[in-house]
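Beneath this line is the structure, given in structure tokens, with notes to follow.
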Amino acid sequence: MLRFDKYVNPHNAPQKSRARMIFEYLVIIIGIAPMALMVNWVLLPHAFVGGGLTGICSAIYYVTGGLFPSLFPEYGGAIPVWLTTFVFNIILLLIAGFTVGWRFCIRTMVGVAAITFWYRVIPILPKPIISDPWLGAIIGGFVFGLSLGCVLAANGSSGGTDIVAMIINHYHNISLGNIMLACDILIIASAFFLPLPTSMQADGVDANYLHIKRVLYGVAMTISYTVAVDWLMARIHRSVHFLIYSSKYDEIATAINTTVNRGVTVLDGTGWYSQKPVKVISVLVRKPESPLVFSMIHEIDPNALVSIADVSGVFGSGFDKMKVK
């Protein structure tokens with residue numbers, strides 16, 4: 001009997017193992033660190049205002065600069081981002097818990113605790129690590145997006161406008177994407193009305209032009225991190241469709257079903273040349289699982305005819321959840 005136990009991906013198990021859950025929580029905690037790095041090393045030193053709760057907290061940081069020197073001396077008297085992030089998220093989580101449900105809040109709490117911790121321990125640099133503001137917006141946004149994508153892939157969240165979107169969506173038939181887009185537009189546009197930092201001021205240059213540039217930096221950063229999230233999630237969730245023609249279809253189907261833990265459909269067909277009935281195995285698997293499926297097919301029937309095709313999305317049991325709204 002074939003033994004492929006060591007190749008089984010626990011992510012596909014009907015019930016997640018404790019090790020898998022611990023791994024996902026570690027991904028959320030560690031994977032969120034680059035987000036804080038980009039905020040404290042690029043966004044805040046450049047005085048950018050991005051989308052989401054990070055944009056709101058950074059705007060508060062800029063506006064309150066010098067107002068509380070005795071309370072926050074290490075932040076130049078400004079209310080730190082880590083504090084406003086924590087306070088706003090706790091308020092939003094309490095509202096979400098009583099409206100959407102507490103189950104939604106559990107992993108979000110882990111993400112909120114992690115992002116607050118990293119904002120607190122990572123120092124804010126006096127000068128950005130990427131001096132050019134356009135490159136800073138694009139590269140910083142892309143790294144921010146990759147970090148967020150890792151957190152989302154582990155079924156986590158960093159809180160913020162995600163919670164707002166869930167609460168509004170609970171009561172109104174508005175898509176989550178549209179809610180978050182509207183929030184980002186309002187937050188980024190607010191940068192036009194904030195006082196310009198010294199680093200952005202220039203003699204003889206119209207102030208309105210500089211305000212518009214500041215808004216455009218936030219737009220560039222938001223577009224960059226959105227592209228990064230979509231790119232990473234598309235790669236993580238890539239799936240393939242196998243069509244397998246073999247006289248040993250029963251052994252192959254059983255091996256795939258029990259070892260890879262994927263549903264298998266056996267179709268009836270007719271070989272047109274031979275005019276004989278044939279069985280065709282149809283199965284959908286994640287891209288990383290395809291080498292295992294190939295190895296099992298080859299070991300059971302080296303002469304099997306196999307067709308494989310990339311699919312843009314698979315929804316249902318064992319794959320992504322269907323989102324109608």
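- Judged purely by atom type and a 3.5 angstrom limit, N257 uses its side chain to pair as donor or acceptor with the backbone of R262.
- Between C57 and Y119 there is no side-chain heavy-atom pair separated by less than 4.5 Å.
- T222 is not listed as a side-chain neighbour of F144, based on a closest heavy-atom distance of 4.5 Å or more.
- Here the side chain of T270 pairs no donor or acceptor atom with the backbone of W272 at under 3.5 angstrom.
- The distance from the CD1 atom of I188 to the CG atom of L216 is 10.0 Å, given to the nearest 0.5 Å.
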Open item on the list: For R120 and E74: C-alpha separation, side-chain torsions, deciding distance, then whether salt bridge (charged side-chain N to carboxylate O under 4.0 Å, His left out) applies.
Closed with: CA-CA 11 Å; R120 182 67 182 89; E74 59 183 308; 3.4 Å; yes
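- Using a 4.0 Å cut-off between charged side-chain N and carboxylate O, K287 and D310 make a salt bridge.
- When all heavy atoms of E289 and V260 are compared, the pair lying nearest together is OE1-CG1, 3.9 Å.
- Cation-pi contact between R214 and Y62: present, with separation from the ring centre below 6.0 Å and deviation from the ring axis of at most 45°.
- Residues V285 and S239 fail the side-chain proximity criterion, which asks for heavy atoms closer than 4.5 Å.
- By the 4.5 Å heavy-atom criterion applied to side chains, S246 and L305 are not counted as neighbours.
- Side-chain contact between Y61 and I124 is present, with at least one heavy-atom pair separated by less than 4.5 Å.
- Considering all non-hydrogen atoms of both residues, T85 and L53 come closest at O-CD2, 4.1 Å.
- Taking Ile, Leu, Val, Met, Phe, Trp and Tyr as hydrophobic and joining them when side-chain heavy atoms fall under 4.5 Å apart, one finds F23 in a cluster with V27.
- Considering only heavy atoms from C-beta on, L148 comes within 4.5 Å of M35 through its side chain.
- When atom types are taken as modelled, the side chain of N89 and the backbone of V112 share no donor-acceptor pair closer than 3.5 angstrom.
- By the 4.5 Å heavy-atom criterion applied to side chains, I297 and I244 are counted as neighbours.
- Contact detail for I281 and A253: the closest heavy-atom pair is CD1-N, 3.9 Å.
- The aromatic rings of F48 and H46 lie parallel to each other, with less than 30° between the two planes, well short of the 60° mark.
- S282 contributes no side-chain N or O that, together with a main-chain N or O of L243, makes up a donor-acceptor pair within less than 3.5 Å.
- Once rounded to the nearest 0.5 Å, the distance linking CZ of F117 with CD1 of I29 reads 9.5 Å.
- Smallest separation of non-hydrogen atoms from I187 and G52: CD1-O, 3.2 Å.
- The distance from atom NZ of K279 to atom OH of Y245, rounded to the nearest 0.5 Å, is 14.0 Å.
- Note that SG of C150 is 11.0 Å distant from CD1 of I28, once rounded to the nearest 0.5 Å.
- Counted within 6.0 Å of OH on Y75, heavy atoms from surrounding residues, nucleotides or ligands total more than 12; the atom is thus considered enclosed.
- One hydrophobic cluster holds both I139 and L125 under the rule that ILVMFWY side chains link at heavy-atom gaps under 4.5 Å.
- F68 and L194 fall within the same hydrophobic cluster, defined by Ile, Leu, Val, Met, Phe, Trp and Tyr side-chain heavy atoms under 4.5 Å apart, directly or through other members.
- By the side chain to side chain donor-acceptor pair (under 3.5 Å) test, N303 is found to be paired with no residue, residues two or more places apart in sequence or in another chain being considered.
- Applying the 6.0 Å contact sphere to NE2 of H298 captures no more than 12 heavy atoms from other residues, nucleotides or ligands.
- For F242 and F294, the ring centers sit closer than 6.0 Å to each other.
- Between the side chain of S58 and the backbone N or O of T54, at least one donor-acceptor pair lies under 3.5 Å.
- Between G55 and V49, the shortest heavy-atom contact is O-CG1, 3.8 Å.
- Two residues are said to be in side-chain contact when any heavy atoms from C-beta on lie closer than 4.5 Å; V293 and I256 meet this criterion.
- W134 and Y217 have perpendicular rings, their planes meeting at more than 60° on a 0 to 90° scale where under 30° would count as parallel.
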